[in-house]
Amino acid sequence: MEKTRKQLVATVAAMLGDQYKVSISIRHFEESLKEFDSTYFIEIVKKAAEDSLVPVIALDPFVKAVNQNEISMNRAASVIINTFFEAESEADKTDFSSCLSKKYILDHVFYQMFPSAACEHLPFAAPSKTFFDLTVLYMLDLDVTAFGGGTCVVSSAMMSELGITAAELDSAVRRNISDCDFKLQKPKPKTIQQNPILANSYIVSCEKHRNAVLLFPEYFQKLANYLQDDLYVLQLSIHHVLVVPAATFTACSVDEIAPILYSALRKFAPKATVLGTSIYKFDRKEGNFSTIIK
């Protein structure tokens with residue numbers, strides 16, 4: 001039960017973005033829930049609101065349904081989120097979005113990747129694109145002074161109201177990023193010592209706006225040209241990827257490559273499973289990505 005509770009809360013948090021804080025609480029009332037060992041609730045708090053609504057949503061009925069395969073993890077998370085939004089007043093739901101201008105959105109939009117399954121039951125329509133088994137949403141950095149900080153998903157309603165197209169969002173994301181925002185570094189010596197085959201590997205990140213670096217193939221083209229090789233790429237976190245030159249695996253079959261890179265994933269980011277474990281290959285000549293292992 002405990003593992004499923006944590007997974008369900010993590011799924012809800014991923015769907016909502018970091019404009020909200022999602023946590024588990026334990027309370028000792030609600031007679032109807034005495035069948036469970038403890039009474040667990042999920043709390044969702046809007047970070048930007050001074051008086052955030054904390055609806056009491058019982059967690060274990062959803063956990064039990066997921067464990068018994070009566071409902072999927074993502075569907076359970078969707079129901080919880082819908083319950084939260086139904087509990088909010090209309091004023092709370094539209095307050096900050098009505099203050100956003102087209103210029104603000106285009107100046108602060110960025111890409112963020114999510115597992116595609118986690119985006120199937122968003123409680124509102126939102127523009128998106130795909131990168132193999134991942135879904136890309138357009139996100140906004142919210143100003144601390146004006147909105148209390150955090151991020152939010154750019155919704156279709158926002159775009160319609162302000163006359164913004166998906167093409168404008170894509171152009172804005174790329175306009176907001178330059179080559180100097182990408183950071184290239186070597187793994188720590190201890191990591192290389194534990195896994196010598198990673199001696200020629202790199203970690204690429206773009207922490208400005210927490211952008212999804214895999215959506216910028218032009219950067220990987222420059223890196224591949226510099227290394228004069230194709231690249232194997234594995235997502236380590238929301239905005240960090242491990243890059244290994246293909247020559248590293250000259251003597252390995254595709255089946256042998258996966259365990260090596262998965263081992264690296266566990267060493268770099270033992271909890272980084274939210275984006276899955278697909279391995280991608282960047283072809284230097286073609287200038288694009290393909291997926292080799294899902």
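All values derive from a computational prediction rather than experimental measurement.
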Undergrad: Can you tell if the side chain of D133 reaches within under 4.5 Å of the side chain of T291, non-hydrogen atoms only?
TA: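 A side-chain contact under 4.5 Å is absent here.
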Undergrad: Is the shortest heavy-atom distance from the side chain of L169 to the side chain of L106 under 4.5 Å?
TA: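 A side-chain contact under 4.5 Å exists here.
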Undergrad: Answer yes if F62 and M73 sit in the same cluster of Ile, Leu, Val, Met, Phe, Trp and Tyr residues linked by side chain heavy atoms under 4.5 Å apart, and no otherwise.
TA: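 As far as the 4.5 Å side-chain criterion goes, M73 and F62 are connected within one cluster.
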Undergrad: Hydrophobic clusters here meaning ILVMFWY residues chained together by side-chain heavy-atom distances under 4.5 Å, can you tell me if V173 and L162 are in one?
TA: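 Hydrophobic grouping puts V173 with L162.
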Undergrad: Following the transitive rule for hydrophobic clusters with a side-chain heavy-atom cut-off under 4.5 Å over Ile, Leu, Val, Met, Phe, Trp and Tyr, establish whether Y104 and I177 coincide in one cluster.
TA: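 Same cluster: Y104 reaches I177 through Ile, Leu, Val, Met, Phe, Trp or Tyr contacts under 4.5 Å.
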Undergrad: Any side-chain heavy atom of N288 within less than 4.5 Å of one from P217?
TA: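 The answer is no, as the side chains (C-beta and beyond) never meet within the 4.5 Å cut-off.
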Undergrad: Nearest 0.5 angstrom please: F131 CZ to S278 OG, how far?
TA: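 One gets 9.5 Å once the value is rounded to the nearest 0.5 Å.
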Undergrad: Just jot down the salt bridge (charged side-chain N to carboxylate O under 4.0 Å, His left out) partners of D170, sequence neighbours excluded, or say none.
TA: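 Residues passing salt bridge (charged side-chain N to carboxylate O under 4.0 Å, His left out) with D170: K129.
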Undergrad: Looking only at heavy atoms, what is the nearest atom pair of F110 and L140, with distance?
TA: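 What the structure gives for the nearest pair is CE2-C, 3.7 Å.
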Undergrad: For residues L184 and I192: do they belong to one hydrophobic cluster (side chain heavy atoms under 4.5 Å, members Ile, Leu, Val, Met, Phe, Trp, Tyr)?
TA: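 In one cluster: no.
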Undergrad: Apply ring-ring contact (aromatic ring centres under 6.0 Å, His included) to F282 and list each qualifying residue two or more places apart in sequence or on a separate chain.
TA: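 For F282, the residues satisfying ring-ring contact (aromatic ring centres under 6.0 Å, His included) (neighbours in sequence not counted) are F289.
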Undergrad: Which atoms form the tightest heavy-atom contact between S205 and V213, and what is the distance?
TA: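 Heavy atoms only, the tightest pair is C-CG1, 3.7 Å.
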Undergrad: Give a yes-or-no answer on whether the side chains of N67 and T4 include a donor-acceptor pair shorter than 3.5 Å.
TA: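 The criterion, which ignores hydrogens and geometry beyond distance, is satisfied for T4 and N67.
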Undergrad: Kindly write out the residues that satisfy side-chain contact (heavy atoms from CB on, under 4.5 Å) with S253, not counting sequence neighbours, or none if the list is empty.
TA: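 Residues passing side-chain contact (heavy atoms from CB on, under 4.5 Å) with S253: D255, E256.
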Undergrad: Could you give the distance from CD (E2) to CD (Q7), rounded to the nearest 0.5 Å?
TA: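 That separation rounds to 10.5 Å.
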Undergrad: Under a 4.5 Å cut-off applied to non-hydrogen side-chain atoms, are D283 and S290 in contact?
TA: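 The answer is no; the side chains never approach within 4.5 Å.
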Undergrad: Can you tell me how far apart CD (Q221) and CD (E286) are? Round to the nearest 0.5 Å.
TA: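 If we round to the nearest 0.5 Å, Q221:CD and E286:CD are 10.0 Å apart.
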Undergrad: To the nearest 0.5 Å, tell me how far D181 CG sits from C206 SG.
TA: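 Separation between the atoms: 5.5 Å.
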Undergrad: Nearest heavy-atom pair of R174 and L215: which atoms, and what distance?
TA: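 Between these two residues, the closest heavy atoms are NH2-O, 2.6 Å.
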Undergrad: Please list, chain by chain and in numerical order, all residues satisfying side-chain contact (heavy atoms from CB on, under 4.5 Å) with A246, sequence neighbours excluded.
TA: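 Checked A246 against side-chain contact (heavy atoms from CB on, under 4.5 Å); matches are D229, D230, Y232.
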Undergrad: Of all residues at least two apart in sequence or in a different chain, which pass the salt bridge (charged side-chain N to carboxylate O under 4.0 Å, His left out) check with E168?
TA: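 Expected list: K102.
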Undergrad: Can you measure from CG (L261) to CG (L242) and round to the nearest 0.5 angstrom?
TA: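 If we round to the nearest 0.5 Å, L261:CG and L242:CG are 6.5 Å apart.
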Undergrad: In chain order, what residues pass the side-chain hydrogen bond (donor to acceptor under 3.5 Å, both in side chains) check against Q228, with sequence neighbours excluded?
TA: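 side-chain hydrogen bond (donor to acceptor under 3.5 Å, both in side chains) list for Q228, sorted by chain: empty.
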Undergrad: So do the side chains of V136 and L134 get within less than 4.5 Å of each other, counting heavy atoms only?
TA: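 Not in contact.
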Undergrad: Of all heavy-atom pairs between S201 and P245, which one has the smallest distance, and what is that distance?
TA: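 It is CA-CD, 4.4 Å.
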Undergrad: Among residues at least two apart in sequence or on other chains, which ones pass salt bridge (charged side-chain N to carboxylate O under 4.0 Å, His left out) with K103?
TA: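 Partners of K103 by the salt bridge (charged side-chain N to carboxylate O under 4.0 Å, His left out) criterion, ordered by chain and then number, come out as D107.
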Undergrad: Who pairs with S155 by side-chain contact (heavy atoms from CB on, under 4.5 Å), at least two apart in sequence or on another chain?
TA: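 Result, side-chain contact (heavy atoms from CB on, under 4.5 Å) vs S155: F124, A157, M158.
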Undergrad: Taking it one step at a time, do V204 and F216 satisfy side-chain contact (heavy atoms from CB on, under 4.5 Å)?
TA: CA-CA 11 Å; V204 179; F216 296 86; over 6 Å; no
Undergrad: Under the rule for side-chain contact (heavy atoms from CB on, under 4.5 Å), what residues qualify as partners of K186, not counting sequence neighbours?
TA: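 Result, side-chain contact (heavy atoms from CB on, under 4.5 Å) vs K186: Y202.
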Undergrad: Using the test salt bridge (charged side-chain N to carboxylate O under 4.0 Å, His left out), find all partners of R284 that sit at least two apart in sequence or belong to another chain.
TA: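 In terms of salt bridge (charged side-chain N to carboxylate O under 4.0 Å, His left out), with neighbours along the sequence ignored, R284 is linked to no residue.
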Undergrad: Side chains of V153 and F114: does their closest heavy-atom pair fall under 4.5 Å?
TA: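 Contact flag for V153/F114 side chains = no.
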Undergrad: What distance separates I164 CD1 from I105 CD1, expressed to the nearest 0.5 Å?
TA: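 The CD1 atom of I164 sits 4.0 Å away from the CD1 atom of I105.
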Undergrad: State which residues pass side-chain hydrogen bond (donor to acceptor under 3.5 Å, both in side chains) with S128; sequence neighbours excluded, sorted by chain then number.
TA: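 Result, side-chain hydrogen bond (donor to acceptor under 3.5 Å, both in side chains) vs S128: none returned.
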